[in-house]
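Counting begins at 1 with the first residue of the sequence.
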Amino acid sequence: MKTIYVQKQAVEVSEAIYKAYWQASERERYQNRLAADRTWTMSDLQAAGVPLDALDAFAVTSSEGAFFADQSRSRLMTALATLPPDQEEHLWRLVLGETTERGLAAELGLSPATVHKRKKRALTTLRSLLEGEEEDL
């Protein structure tokens, strides 16, 4: 028998339960480290390869530059609108820092790995849509 502590109380458990508890604890610590290290911002999206020309809009002072920034923002919004509504909402919440992958996973009752895969899939879709539009120009 092994001992684990649950809410500051010692509990005797079998070897199998101890091992599962230890693995879950390690996984939780790992996810906490990832969450602390990784909050997606617009810069992170750009670094991930999503062409977000709209980020330049904040530095634009000319009317011509503002026009192109509006066009880029419009392209991004159009591409986002093609995602399923839940995927779009989740991506925005992650990008704007409203929540972490781990927090979103807890809300949805999913594993953090599932949320991460869904986010990557959405970003890949956005990237291909935006790159496809650039080729059409």
Side-chain angles (χ1 to χ4, degrees):
M1 293 297 277
K2 294 278 190 171
T3 303
I4 61 173
Y5 291 89
V6 179
Q7 297 180 350
K8 298 181 182 181
Q9 290 186 342
V11 178
E12 295 291 323
V13 296
S14 69
E15 188 75 33
I17 290 179
Y18 178 81
K19 182 178 179 182
Y21 179 81
W22 182 82
Q23 287 175 336
S25 295
E26 287 299 307
R27 188 175 21 238
E28 186 173 353
R29 277 194 282 276
Y30 173 74
Q31 290 297 329
N32 286 337
R33 280 194 314 272
L34 283 181
D37 292 343
R38 198 64 172 156
T39 301
W40 282 84
T41 64
M42 295 298 270
S43 301
D44 293 332
L45 283 175
Q46 190 174 29
V50 176
L52 298 177
D53 301 331
L55 292 175
D56 295 333
F58 299 110
V60 172
T61 56
S62 70
S63 60
E64 183 179 278
F67 170 77
F68 287 116
D70 286 342
Q71 292 296 316
S72 296
R73 200 174 301 114
S74 175
R75 285 180 41 231
L76 176 62
M77 297 309 285
T78 301
L80 280 167
T82 64
L83 296 175
D86 61 330
Q87 212 176 37
E88 179 184 0
E89 179 188 348
H90 300 161
L91 188 58
W92 272 115
R93 290 184 62 207
L94 292 168
V95 169
L96 296 176
E98 291 179 12
T99 189
T100 61
E101 288 180 11
R102 182 173 170 73
L104 187 59
E107 276 181 43
L108 301 174
L110 301 170
S111 73
T114 299
V115 170
H116 181 75
K117 287 177 191 173
R118 288 181 180 184
K119 179 189 72 181
K120 281 183 70 172
R121 192 175 314 127
L123 290 174
T124 300
T125 301
L126 281 178
R127 184 181 304 117
S128 64
L129 288 169
L130 292 171
E131 288 173 352
E133 283 183 11
E134 286 177 354
E135 291 172 4
D136 292 341
L137 295 178

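- Residues Tyr5 and Tyr21 come closest through the heavy atom pair O-OH, 3.2 Å.
- Here the shortest heavy-atom pairing between Leu130 and Ala79 reads CD2-CB, 3.9 Å.
- Here the straight-line distance linking atom CD of Glu88 with atom OG1 of Thr82 works out to 8.5 Å at 0.5 Å rounding.
- Atom CD of Gln23 is separated from atom NZ of Lys19 by 5.5 Å, given to the nearest 0.5 angstrom.
- In this structure, Leu126 is a member of the same hydrophobic cluster as Trp92, with clusters built from ILVMFWY side-chain heavy atoms closer than 4.5 Å.
- Inter-residue side-chain proximity for Thr3 and Val11 is flagged as unmet; no heavy-atom pair is nearer than 4.5 Å.
- In this structure, His90 contributes its side chain and Asp86 its backbone to a donor-acceptor pair below 3.5 Å.
- Distance check: Glu101 CD to Arg118 CZ gives 12.5 Å after rounding to the nearest 0.5 Å.
- Remark: Leu123 CG to Leu83 CG distance equals 9.0 Å, nearest 0.5 Å.
- Minimum interatomic distance between Thr99 and Leu104 (heavy atoms only, all atoms of both residues): OG1-N, 3.4 Å.
- Under the 4.5 Å side-chain contact rule for hydrophobic residues, Met1 and Ile17 do not share a cluster.
- Distance check: Lys119 NZ to Gln87 CD gives 12.5 Å after rounding to the nearest 0.5 Å.
- More than 12 non-hydrogen atoms from other residues, nucleotides or ligands lie less than 6.0 angstrom from CD of Glu26.
- Taken from CZ in Arg93 to OG1 in Thr100, the straight-line distance is 9.5 Å, to the nearest 0.5 Å.
- Closest heavy-atom contact between Ser111 and Thr114: OG-OG1, 2.9 Å.
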